[in-house]
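For reference, the structure discussed in these notes is given below.
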Amino acid sequence: MNILALETSTAACSIALQVSKELLVFHEVAPMQHTQLILPKIHEMLKEGNLNLVDLDAICFSEGPGSFTGLRIAASVTQGLSFPHQIPVISLSSMAVWAQTAFIDRGWANTLVCVDAKMEAVYLGIYQINDGLAQPVMNDTFFKPKQTFEAAGIPTLANQKWYAVGDGWVNYGTNLVKSLNLEPQKIDNALLPKASAMLFLATEKLRRSEHCTAFEAMPNYLR
């Protein structure tokens with residue numbers, strides 16, 4: 001199965017290309033350089049994998065939430081590559097990709113993803129690993145850390161060990177601990193979502209025929 005995955009919701013420009021059983025990866029923290037990097041790197045990776053766009057079974061992109069500009073970059077590149085050849089598109093929550101990355105890189109099965117959304121608010125994703133794949137405990141949400149978790153509709157998370165990723169913990173960690181009524185075992189502010197992690201989720205979605213067209217490849221700003 002040949003799948004191209006694009007993740008640009010954070011400061012990292014992350015691209016992965018699955019060519020049958022081979023994996024090609026580009027992942028670089030490059031703030032405000034995504035537009036310069038993404039198309040040349042895709043071209044380079046396709047050439048290295050001896051593939052043309054028509055050989056792709058799907059293009060997968062991270063729909064958000066995250067950086068407004070970054071989300072538009074991934075969505076527009078996906079649309080532009082997919083449309084001429086009618087390549088199926090798979091959209092994934094950036095929160096799910098982050099949780100999948102945490103599982104692969106850190107072995108964390110219960111992950112609280114929290115991203116600073118400015119305006120004294122965060123994007124919050126709560127994920128658990130099931131059969132090796134990140135699954136949402138609840139829908140990703142736009143959350144003000146001064147709320148109680150009951151008011152925000154967040155389920156009780158006690159009695160399990162939880163881990164945390166995302167820059168939302170830097171500015172709002174204390175309030176989040178109070179709001180969620182739990183203290184994460186560990187917090188990794190530096191870990192960013194990787195396109196290589198997307199391939200696990202994308203493969204399952206493709207198997208279930210959960211894909212869309214280029215016209216439906218839209219960012220999810222979650223506002």
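One-based numbering along the sequence shown.
A distance of 11.0 Å separates CG in Leu92 from OG in Ser9, rounded to the nearest 0.5 Å. In this structure, CD1 in Ile59 is found 4.0 Å from CD1 in Ile87, a value given to the nearest 0.5 Å. Once rounded to the nearest 0.5 Å, the distance linking CG of Asn220 with CG of Leu71 reads 8.0 Å. One finds the CG atom of Asp167 at 8.5 Å from the CG atom of Leu192 (value rounded to the nearest 0.5 Å). Remark: Leu6 CG to Met198 CE distance equals 7.0 Å, nearest 0.5 Å. Atom CE of Met45 sits about 7.5 Å away from atom CD of Glu48, to the nearest 0.5 Å.
In terms of heavy atoms, Ala96 sits closest to Leu201 at O-CD1, 4.0 Å.
No side-chain N or O of Asp55 forms a donor-acceptor pair with one of Asn2 less than 3.5 Å apart. A donor atom on one side chain and an acceptor atom on the other are not found under 3.5 Å apart for Ser14 and Glu7.
There is a path of hydrophobic side-chain contacts, each under 4.5 Å, that joins Leu182 to Val137.
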*For side chain to side chain donor-acceptor pair (under 3.5 Å), just list the numbers for Gln128 and Gln160, CA-CA rounded to whole Å, side-chain angles, deciding distance to a tenth of an Å, and then say yes or no.*
CA-CA 11 Å; Gln128 291 184 304; Gln160 288 180 312; 2.9 Å; yes

*Determine, stepwise, if the pair Val89 / Glu216 fulfils side-chain contact (heavy atoms from CB on, under 4.5 Å).*
CA-CA 8 Å; Val89 171; Glu216 298 169 296; over 6 Å; no

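Using bins of under 30°, 30° to 60° and over 60° for the plane-to-plane angle, the ring pair Tyr163/Trp108 lands in the parallel bin.
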